[in-house]
Every structure is written in C-alpha cells, then in structure tokens.
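Note that this is a predicted model, so its numbers are computed, not measured.
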Amino acid sequence: MVTVIVGLVVVGIGDYVFFDGSSSGLDKNTVLAGDLLIVLAQIITAVQMTVEEKIMKRYKIQPLQGVGWEGIFGFSTLTVLLIPMYFIPWHLPASSDFWQERTSFEDTIDAFHQWGYSAQVLVASLGLVFSIAFFNFAGLTVTSMMNATTRMVLDTLRSIIIWVISLAVGWQKFEPLQPVGYVILFVGIWIYYDLIIMPAIRWMVAKFGLKKYFAKGSSSEKERLLGQPDYLINNDKEDKEASS
C-alpha cells in the first residue's frame with residue numbers, strides 16, 4: 001500500500017512541478033489547493049469504504065441492497081439540500097469562460113430547463129446516473145467478497161485510464177513525472193496482489209537457499225514475504241473472526 005501511495009504522490013507532484021498556467025490563467029497555489037482538496041476527498045472516501053465494509057459484513061448486506069440504500073439516502077439528502085442551495089447567492093468569477101445568468105449556488109430549475117432543451121445534456125446525465133450505479137455496485141461487490149483496501153487499490157487504476165484518455169484527446173499535456181508515478185503505482189499493485197515481483201522473490205529465495213536470512217524476522221513478516229499476499233491473509237483473518 002505504501003508503494004501505491006508513493007506512486008500517486010509522485011503523479012500529483014508532477015502535476016504541480018510542471019504546471020503551466022499561461023493558458024488557463026491559474027497559478028501554482030491554486031493547483032496546490034486543488035491537490036490538497038483531492039487528498040482530503042480521498043481520506044473521506046477511505047473512511048466511507050471502511051465503514052461500508054464494517055456494515056456490510058456485520059449485517060450481511062448484499063451489494064445490490066447496499067447500492068439501493070445509498071441511492072435512497074443520497075437522493076433524499078440532496079433533494080432537501082437543493083432547496084436552500086437555490087437561495088444562496090453565488091456567481092462564477094468574471095474571467096470564467098462559462099456564462100452564468102442566475103446567481104444561485106445550485107440552480108435546479110435551470111438544470112430541468114437544460115434537460116428539456118438539450119438531448120445531449122439529458123443523455124449525458126442519464127449515462128452518469130447508470131455509470132455511477134454500476135460503479136458503486138462493482139465496488140461494493142469487491143468489498144463484500146474481499147475488503148475495502150482491495151477496492152481502493154483497484155480504484156487507483158481509474159486515474160491511469162483517465163490520464164491516457166486525457167492525453168489522447170488533448171485535454172492534458174504530457175508531464176515527465178506522471179509516467180514515473182504510474183510505474184511506481186503498478187509496482188505497488190503487483191506487490192499487493194502478489195504478481196510478478198513477490199513470486200520472483202520467493203523463487204529466488206527457494207532457488208538460492210536464502211530462507212535462512214529471513215530467520216530473524218517475525219513470523220508475520222516472513223508470512224508476508226514468503227507466504228500469501230496481504231489481501232489473502234487479511235481475508236483469512238476476517239473469515240476466522242466472523243466464524244468465531
């Protein structure tokens with residue numbers, strides 16, 4: 001997990017170091033603030049995933065049922081919050097490329113008008129709803145079958161796909177540190193899922209008789225290095241605790 005985090009940090013640092021605000025009119029402090037907000041959002045997401053895992057495994061909730069309850073709660077909460085948000089005054093900066101006629105923090109009435117006048121906006125909104133629903137269902141399925149940590153590790157692969165697509169369509173410029181960060185990220189994922197790197201280390205240990213050099217380590221450390229990968233060990237422990 002440490003390697004995965006280091007890889008993501010390198011990607012974020014690359015975005016800050018090689019940032020060129022001449023075209024967007026933004027400065028580095030704005031980019032840094034955005035990166036810090038992303039880190040805060042990831043912390044909140046990690047807490048959410050952990051709580052979801054605890055609730056699902058404690059009350060034996062199925063993934064589809066969990067997605068349904070989350071959807072009902074989210075819809076109800078936002079429906080109530082959209083009412084005061086409509087009356088909160090707010091306007092985009094004058095330099096913004098997006099033209100804003102009304103000065104509401106969240107203009108729900110205008111959103112309905114956009115759906116009625118633009119089929120593209122309506123299709124995009126419906127597509128977003130279905131994609132998020134399937135995304136949450138897949139995530140809760142991984143959580144129920146394995147654990148929240150595995151779900152978050154897999155979730156980091158999304159940033160790689162987004163990065164590749166952004167480069168392909170010209171939404172983002174190539175920055176040298178980003179591929180380095182993604183390589184580190186891939187190495188961390190391989191280590192976590194016991195792919196390529198750890199099997200190669202175990203093969204070398206067995207081939208050249210190096211097990212004696214790990215005799216001084218604790219049993220848990222040797223188990224992690226020479227035995228099962230972390231996520232399998234964690235699953236075994238959780239199954240034992242659940243059965244007891």
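- With Glu53 contributing its side chain and Ala148 its backbone, the two residues share a donor-acceptor pair below 3.5 Å.
- The ring-ring contact (aromatic ring centres under 6.0 Å, His included) contacts involving residues 107-158 comprise Phe112-Trp115, where partners must be two or more places apart or lie in separate chains.
- The shortest non-hydrogen separation linking Leu177 to Val10 is O-CG1, 3.6 Å.
- Hydrophobic cluster membership of Val39, counting Ile, Leu, Val, Met, Phe, Trp and Tyr whose side-chain heavy atoms lie under 4.5 Å apart directly or via other members: Ile43.
- Distance check, rounded to the nearest 0.5 Å: CG of Asn136 to OG1 of Thr141 gives 10.5 Å.
- Residues Met198 and Trp203 share a hydrophobic cluster, clusters being chains of Ile/Leu/Val/Met/Phe/Trp/Tyr side chains in contact below 4.5 Å.
- Interatomic distance, CG of Asp155 versus CE of Met152, reported as 5.0 Å (0.5 Å rounding).
- Here Gln48 pairs with Glu52 under the side-chain hydrogen bond (donor to acceptor under 3.5 Å, both in side chains) rule; sequence neighbours left out.
- Sorted pairs that involve residues 29-51 and meet ring-ring contact (aromatic ring centres under 6.0 Å, His included), not counting sequence neighbours, are lacking altogether.
- Cluster annotation: Val142 and Leu140 are assigned to distinct hydrophobic clusters (Ile/Leu/Val/Met/Phe/Trp/Tyr, side-chain heavy-atom contacts under 4.5 Å, transitive).
- Linking ILVMFWY residues whenever their side-chain heavy atoms come closer than 4.5 Å, directly or via other members, places Ile201 and Val187 in the same cluster.
- The side-chain contact (heavy atoms from CB on, under 4.5 Å) search around Ile55 returns Val51, Tyr59, Ile61, not counting sequence neighbours.
- Two different hydrophobic clusters hold Ile132 and Val123 under the rule that ILVMFWY side chains link at heavy-atom gaps under 4.5 Å.
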Under 3.5 Å, which donor-acceptor pairs do the side chains of residues 68-83 form with other protein atoms, sequence neighbours left out?
from  : atom 1 : to    : atom 2 : distance (Å)
Ser76 : OG     : Ile72 : O      : 2.8
Thr77 : OG1    : Phe73 : O      : 2.8
Thr79 : OG1    : Phe75 : O      : 2.6

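- Applying the side-chain contact (heavy atoms from CB on, under 4.5 Å) test to Ser144 and every residue at least two apart in sequence or in another chain returns Met56, Pro63.
- Distance check: Ser159 OG to Leu185 CG gives 6.0 Å after rounding to the nearest 0.5 Å.
- Arg151 CZ to Met49 CE: the interatomic distance, rounded to the nearest 0.5 Å, is 3.5 Å.
- The salt bridge (Lys or Arg N to Asp or Glu O under 4.0 Å) analysis of residues 117-143, with sequence neighbours excluded, yields no pairs.
- Evaluation of the side-chain hydrogen bond (donor to acceptor under 3.5 Å, both in side chains) rule for Arg58 yields no partner, not counting sequence neighbours.
- Counting only residues at least two apart or in different chains, ring-ring contact (aromatic ring centres under 6.0 Å, His included) contacts with residues 139-165 comprise Trp163-Tyr182.
- In this structure, Val164 is a member of the same hydrophobic cluster as Phe186, with clusters built from ILVMFWY side-chain heavy atoms closer than 4.5 Å.
- Applying the side-chain contact (heavy atoms from CB on, under 4.5 Å) test to Leu126 and every residue at least two apart in sequence or in another chain returns Leu122.
- A pairwise comparison of heavy atoms in Leu167 and Lys173 identifies CD2-C, 3.8 Å as the closest pair.
- With no hydrogens or angles considered, a side-chain donor-acceptor pair links Gln178 and Glu175 at under 3.5 Å.
- The CG atom of Leu154 sits 11.0 Å away from atom OG1 of Thr149, with the distance rounded to the nearest 0.5 Å.
- Ile109 contributes atom CD1, which lies 3.5 Å from atom OH of Tyr86 (distance to the nearest 0.5 angstrom).
- The hydrophobic cluster containing Ile44 also includes Leu40, under a criterion of side-chain heavy atoms closer than 4.5 Å among ILVMFWY residues, counted directly or through chains of members.
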